[in-house]
Amino acid sequence: MSAAIPELKQFDEAELDRVFAELESEVVTQKRALNGEQAMEAFRLEWLGRKQGRLGQLSAAWLKSAPVEAKKSLGMRFNKLKAQIEEARSAATEAEKTAAPNALAPSIR
């Protein structure tokens with residue numbers, strides 16, 4: 001799953017909007033495919049994994065090279081993206097819990 005980190009050439013608002021919109025779009029696309037424990041764990045590891053998670057890689061690559069005046073805006077966008085990822089995980093977990101009892105219930109004819 002792990003895709004390449006988008007290159008951030010500038011730290012102006014337009015470029016940050018563009019890059020974070022791409023990342024948010026990826027999260028939404030992957031959220032639709034979260035059906036089962038293995039898929040949810042792969043999603044979690046890809047985005048939030050400690051060593052190879054994309055958020056960590058993005059933070060290391062972008063925050064270190066960001067000019068001081070861009071760090072606040074960049075940090076706020078990271079927090080928003082992280083919240084979106086965690087919301088996707090929660091929604092998928094809830095959907096899985098709701099579907100599990102229905103899958104086990106005997107069908108009535």
Side-chain angles (χ1 to χ4, degrees):
M1 259 188 186
S2 188
I5 304 229
E7 186 176 348
L8 190 58
K9 297 176 183 171
Q10 300 175 17
F11 290 91
D12 60 20
E13 293 297 315
E15 181 71 359
L16 292 175
D17 285 344
R18 181 190 68 77
V19 173
F20 277 91
E22 284 179 26
L23 294 169
E24 290 171 1
S25 175
E26 286 183 52
V27 170
V28 169
T29 301
Q30 290 180 11
K31 177 183 176 181
R32 292 184 190 123
L34 292 180
N35 55 3
E37 261 183 62
Q38 287 182 330
M40 285 188 278
E41 181 63 7
F43 177 80
R44 183 190 72 78
L45 288 174
E46 177 177 356
W47 288 100
L48 303 172
R50 208 171 200 172
K51 292 183 180 179
Q52 296 178 341
R54 288 181 72 191
L55 268 185
Q57 291 174 358
L58 291 167
S59 176
W62 293 351
L63 280 175
K64 287 182 182 178
S65 61
V68 174
E69 61 274 5
K71 289 190 179 194
K72 181 178 179 181
S73 178
L74 195 54
M76 290 184 341
R77 291 166 198 261
F78 272 113
N79 290 339
K80 180 181 172 194
L81 181 63
K82 185 175 181 181
Q84 184 181 7
I85 292 164
E86 290 172 344
E87 186 278 325
R89 286 184 58 223
S90 295
T93 302
E94 284 302 313
E96 188 79 12
K97 285 179 185 175
T98 338
N102 294 338
L104 298 175
S107 60
I108 299 174
R109 295 180 188 208

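All residue numbers in this chain count up from 1 along the given sequence. Hydrogens, waters and symmetry mates are skipped; everything else that's a heavy atom, side chains included, is used.
Distance check, rounded to the nearest 0.5 Å: OG1 of T93 to CD of E86 gives 11.5 Å. To the nearest 0.5 Å, atom CD of residue E26 and atom CD of residue Q84 are 11.0 Å apart. Atoms OG and CG, from S59 and L81 in turn, are 11.5 Å apart once rounded to the nearest 0.5 Å. Note that the CD atom of E87 and the NZ atom of K31 stand 4.0 Å from one another [nearest 0.5 Å]. Taking NZ from K71 and NZ from K64, the interatomic distance works out to 10.0 Å, rounded to the nearest 0.5 Å.
Considering all non-hydrogen atoms of both residues, A39 and L34 come closest at O-CD2, 3.5 Å. Closest approach of P67 to F11, counting heavy atoms only: CD-CD1, 3.4 Å.
In summary, the side chains of S73 and R77 do present a donor paired with an acceptor at a separation below 3.5 Å, with no hydrogens or angles considered.
Hydrophobic clustering of Ile, Leu, Val, Met, Phe, Trp and Tyr side chains at less than 4.5 Å, counting indirect connections, unites F43 with I5. Cluster membership for I85 and L63, using ILVMFWY side-chain heavy atoms within less than 4.5 angstrom, is shared. Under the 4.5 Å side-chain heavy-atom criterion for ILVMFWY residues, no single connected hydrophobic cluster contains both L55 and M76.
Ring geometry, F20 versus W62: the interplanar angle exceeds 60°, so the pair is classed perpendicular (tilted spans 30 to 60°).
Using a 4.5 Å heavy-atom cutoff, the side chains of L16 and L8 are in contact. A heavy-atom distance below 4.5 Å is found between the side chains of R54 and E46. Put simply, the side chain of L23 reaches to within 4.5 Å of the side chain of W47, judged on heavy atoms. For the pair E24 and K80, the minimum side-chain heavy-atom distance is below 4.5 Å.
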Run the numbers on E15 and R18 for salt bridge (Lys or Arg N to Asp or Glu O under 4.0 Å), then give the verdict. CA-CA 5 Å; E15 181 71 359; R18 181 190 68 77; 2.7 Å; yes
